[in-house]
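Indexing begins at 1, ligand by ligand and atom by atom, following the structure's order. Just the heavy atoms: all of them, side chains too, but no hydrogens, waters or symmetry mates, feed the values below.
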Amino acid sequence: MTVNYAETFKKLPPYLFAEIDKKKKELLDKGVDIINFGIGDPDLPTPKFILDAMKKALNNPAYHQYPFGKGLKIFRNAVTNWYQHRFNVNLSPENEIHALIGSKEGITHLALAYVNPGEIVLCPEPGYPAYASSTWINHGEVHFMPLTEKNNFFPDFSQISSDILKKAKVMFLNSPNNPTSQVYTEEQFKKAIAFAKKNNIVLAHDAAYTEMYYDGKPPISFLEVEGAKEVGVEFHSLSKTYNMTGWRIAFVVGNPDIIAGLARIKDNFDSGVFSAIQEAAAIAMNNGDSECKKMREIYQKRRDLFVSEMQKMGWEVNIPEATFYVWAKTPNKISSSECAGKLLEECGIVVTPGNGFGPSGEGYIRFALTVNENRIMQAIARMKKLKF
Ligand SMILES: *Cc1c(COP(=O)(O)O)cnc(C)c1O
């Protein structure tokens, strides 16, 4: 038989980093020592008290059955308490919180509840690829909102035409931002909320990196801003906060009606998050503050070292206030892929070309600070020999 893919499937971008990946494998086969700044996945292990909680939770036979639904009470209560003490935001554990199998899962299912074929989802670019791909899979259209240095890496809503606005149903925002590392202010969130309210758009805020911040300056939650709960929801994940990317646990909080829509979709796709993981996650949120602080100290040292060495070499880098990403301009305005290719071939350094996140990322590369200080210094030593 011939396999015929759906039209929506054909819209999905091919694996953008395939070429870099291929070159990386070739170099690895030759025995080259690769330093990998390419992947946004913490290199540090999950803290021990969370592993211990998980081992204990595994012994509860009630947790071996389908978990179904919005999540264990212990998990939802932990989210309520955490949002209260971290952001001073009140959430009802009854209808304003829903557990997710990673925030990517919730993000990719959201549009199914709100977007009819041909309707529009507003997606920041450069941005996390799941916002647009899930829209295409769901038969929606994507309108990209460029994030550029000129607009402080925040969407310029005045550039969106009324034709687009009539069809726009959902908007994604992401602060602290991947890949630009920009942190949005209360004023910026206010603008976004007013825009969403005026145009009747569901605002979906992706807050995966709020705990990975520098200089003792915690970013705000979108839900701290007046009116946020009227128009939107916030996705939060334990992945980056507690080094738990492999566990697949996150949650969505905010507007109860929007959450109810996503919940109905999820009930038809999945059967919930493994209860033992939910219990371990609850314990992580209840007792994780000191571990988070330790992680921030590690990332702070890496950031300070990396940024200062890069600046000494003359690179124009955005000093991140949060996230483990450094969004750097390519030297002499060479293209993202040329720059990433050179770093790989001549230095054995893997980075992500900025244009992989969208056309406005052209001229940038993204470094993920998921390598230790020794390796950072080795990378810097190799880069010092590079000529652009
Ligand atoms: C890492 C990341 C997430 C987290 O995804 P999970 O599915 O919860 O692991 C969400 N959004 C962005 C922008 C990310 O970079």
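Close contacts between ligand 1 and R248 involve ligand atoms 6 (P), 7 (O), 9 (O) [criterion: under 4.0 Å to a heavy atom]. The ligand atoms of ligand 1 that sit less than 4.0 angstrom from a heavy atom of S237 are 6 (P), 8 (O). Close contacts between ligand 1 and S239 involve ligand atoms 6 (P), 8 (O), 9 (O) [criterion: under 4.0 Å to a heavy atom]. In the vicinity of K104, heavy-atom distances shorter than 4.0 Å reach the ligand 1 atoms 6 (P), 7 (O). With ligand atoms numbered from 1 in the order given, ligand 1 contributes 3 (C), 10 (C), 11 (N) to contacts under 4.0 Å with heavy atoms of A208. Ligand-side atoms of ligand 1 in range of K240: 1 (C), 2 (C), 3 (C), 4 (C), 14 (C), 15 (O), range being under 4.0 angstrom from any heavy atom. The ligand atoms of ligand 1 that sit less than 4.0 angstrom from a heavy atom of G102 are 7 (O), 8 (O).
When only interatomic distances are considered, the shortest N/O to N/O separation between Y131 and ligand 1 does not fall below 3.5 Å. Between E105 and ligand 1, no pair of N/O atoms sits closer than 3.5 Å. The distance criterion of under 3.5 Å between nitrogen or oxygen atoms is met by D206 with respect to ligand 1.
With a heavy-atom cut-off of 4.0 Å, N174 touches ligand 1 through its side chain alone.
The closest side-chain heavy-atom distance from E7 to H139 is not below 4.5 Å. The shortest side-chain heavy-atom distance between T370 and I39 does not fall under the 4.5 Å cut-off. Considering only heavy atoms from C-beta on, T135 stays 4.5 Å or farther from E141 through its side chain. Contact of the K197 side chain with the E230 side chain is registered, since non-hydrogen atoms from C-beta on lie closer than 4.5 Å.
Taking the six-membered ring where the residue is Trp, F157 and F195 present parallel rings, their angle staying beneath 30° rather than reaching 60°. The aromatic rings of Y209 and Y325 lie perpendicular to each other, with more than 60° between the two planes, well past the 30° mark. Ring orientation note: the planes of F87 and H236 are tilted relative to one another, at an angle of 30° to 60°. Using cut-offs of 30° and 60° on the angle between ring planes, the pair F222 and H205 is tilted.
Stacking of K342 on the aromatic ring of F388 is recorded, both the 6.0 Å distance cut-off and the 45° axial limit being met.
For atom 15 (O) of ligand 1, the closest non-hydrogen atom of the protein is Y209 OH, 2.6 Å. Closest protein heavy atom to atom 4 (C) of ligand 1: S103 OG, 3.3 Å.
Taking a 4.0 Å cut-off on heavy atoms, F235 fails to register as neighbouring ligand 1.
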